[in-house]
Amino acid sequence: MSGSALLDQVTRGDHVCWIVDDEAVRLDTLAEVVQAGLRKRERVIYTGDDPEGILAAIECRGVPTAEALAAGSLRASTPESCLTSGGAFDPAVAMRLLREESDKARQEGFPGLRLIADMSWASRSVPGAERLPGFEAELNVLFAEGYLLGICAYSRRLFDPLSLRRHTSTHAGAAGTDMPFDPASALRLRLTPPYGLRLAGEADIFNRQALAAVIEHLVDQDDGSVAEIDVSDLRFADTAAGRILAQAVDRRAGGLRLVGASPALSRLLDFHGDRGALASDTDAEADSA
């Protein structure tokens, strides 16, 4: 499978767990993803082992890395310089650095920031690496703002199946050599200021932690205003996703409602005892009047 067929449908706001098991596909895909970002005039940041070697490999595949580096639209670094500090992984430090990079890209006029991270470092004995899944889940709040695009590459050679499943669930989407990223089956989460969230795609075991983290963020923004979750483009939700939504409604005590629920999702919420959280068509019309 070519690189272009694997991640060609990712867009700003997506946070994808990319399971890698073929070196040629990895390099082809990296070249395509970097090239796509440069064409869209986004800033592209790559972090991983041997960044110079990676840049040379994708340069050979037609990506003008030297030109992009000189222009500031492409940057590359090792994980130690941006994800770990003092030899340890600190989620708070990493989150702060990512927010700073996002703010800097905005200030410099880039329409988006494309982050590509080789997560091989997490397979080594790095202090704090056990906190990575929680960090990856929390990152979805940042991605849901719609400016960042994130691709985290996990090697099947370095991570066992259980670890890969755990990491996959902290991302909103997934891809692999025989499974290209599909926005229809991934979960797309987009925050809609000031107090809203739009869900699209599928919410299931593969992205459960990503959903929970963003919903938790929305619940925490409780200043008395009514928050709204638009689920009209949510094609599927499993029972755990329904429970996450129902619990969020319960916790925000009347300050959160769902709009556009399908009959299947309505039945699922009814099962969890939160049918009253659904906004009717009449409510929506009244709000827009």
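Computed from a prediction, not measured in an experiment: that's the story for all the values here.
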So, do E136 and C152 sit near enough that their side-chain heavy atoms are less than 4.5 Å apart?
-> yes

Side chain to side chain contact (heavy atoms under 4.5 Å, CB included) evaluation trace for L218 with V214 = CA-CA 6 Å; L218 191 65; V214 177; 5.8 Å; no

Decide yes or no for L132 and H167: does some side-chain heavy atom of the first lie under 4.5 Å from some side-chain heavy atom of the second?
-> yes

Interatomic distance, OG1@T177 vs CG@D21, rounded to 0.5 Å, equals 3.5 Å

Can you check whether E202's main-chain N or O pairs, donor with acceptor, with N207's side chain at less than 3.5 Å?
-> yes

Compare all side-chain heavy atoms of L30 with those of Y46 and state whether any distance is below 4.5 angstrom.
-> yes

Where do A172 and A210 come nearest, in terms of heavy atoms and distance?
-> N-CB, 3.9 Å

Polar side-chain atom of S102 near backbone of L98 as donor-acceptor pair, under 3.5 Å = no

Classify the angle between the aromatic ring planes of Y154 and H171 as parallel (below 30°), tilted (30 to 60°) or perpendicular (above 60°).
-> perpendicular

Give a yes or no on this: more than 12 heavy atoms of other residues, nucleotides or ligands lie within 6.0 Å of atom CZ of R157.
-> no

Neighbour count above 12 (heavy atom, 6.0 Å) for E67 CD = no

Could you tell me whether D49 and R124 have a side-chain N and a carboxylate O separated by less than 4.0 Å?
-> yes

Donor-acceptor pair, side chain of R235 and main chain of A184, under 3.5 angstrom = yes

Quick one: are Q35 and P64 in side-chain contact, heavy atoms under 4.5 Å?
-> yes

Do Y195 and I229 belong to the same hydrophobic cluster, where Ile, Leu, Val, Met, Phe, Trp and Tyr are linked whenever their side-chain heavy atoms lie under 4.5 Å apart, directly or via other members?
-> no

For E145 and L191, the nearest pair of non-hydrogen atoms, with its separation, is CG-CD1, 4.1 Å

Spacing of CG belonging to L148 relative to CZ belonging to R12, to within rounding of 0.5 Å = 10.0 Å

Side chain of R43, backbone of G72: donor and acceptor closer than 3.5 Å?
-> yes

Between F143 and H15, how do the two ring planes meet: parallel, tilted or perpendicular, split at 30° and 60°?
-> parallel

Only one of I45, I54, V33 passes side-chain contact (heavy atoms from CB on, under 4.5 Å) with I116, and that residue is V33

Closest non-hydrogen contact found for W18 with V25 is CZ2-O, 4.4 Å

Under 3.5 Å, is there a donor-acceptor pair between the side chain of R188 and the main chain of P183?
-> no

Would you mind reporting whether L55 and E59 have side-chain heavy atoms less than 4.5 Å apart?
-> no

Check against side chain to side chain contact (heavy atoms under 4.5 Å, CB included), R166 and T170 = CA-CA 7 Å; R166 183 168 64 249; T170 64; 5.5 Å; no

State plainly whether one hydrophobic cluster holds both I205 and F236, where clusters connect Ile, Leu, Val, Met, Phe, Trp and Tyr through side-chain heavy atoms under 4.5 angstrom apart.
-> no

Looking only at heavy atoms, what is the nearest atom pair of G242 and L268, with distance?
-> CA-CD2, 3.7 Å

Shortest non-hydrogen contact between S266 and A261, atoms and distance = OG-CB, 3.7 Å

Count the heavy atoms of every other residue, nucleotide or ligand shown that sit under 6.0 Å from CZ of R208, and state whether that count exceeds 12.
-> yes

NZ/NE/NH1/NH2 to OD/OE distance under 4.0 Å, K104 and E101 = no

Would you please test L269 and L258 for side chain to side chain contact (heavy atoms under 4.5 Å, CB included) and show each step?
-> CA-CA 10 Å; L269 290 168; L258 305 183; 3.1 Å; yes

Does atom CZ of F206 have more than 12 heavy-atom neighbours, drawn from other residues, nucleotides or ligands, at distances under 6.0 Å?
-> no

Output the distance between atom CG (L187) and atom CG (D14), rounded to the nearest 0.5 Å.
-> 10.0 Å

Which atom of G176 lies closest to which atom of L6, heavy atoms considered | O-CD1, 2.7 Å

State the CG-CG distance between D250 and L245, to the nearest 0.5 angstrom.
-> 12.5 Å

What's the spacing between R198 CZ and D233 CG if we round to 0.5 Å?
-> 7.5 Å

Hey, is the main chain of E100 close enough, under 3.5 Å, to the side chain of D103 for a donor-acceptor pair?
-> no

NZ of K40 to OG of S73: how many Å apart, nearest 0.5 Å?
-> 15.0 Å

Is there a side chain to side chain contact (heavy atoms under 4.5 Å, CB included) between L199 and L189 once you walk through the steps?
-> CA-CA 5 Å; L199 303 180; L189 308 111; 3.6 Å; yes

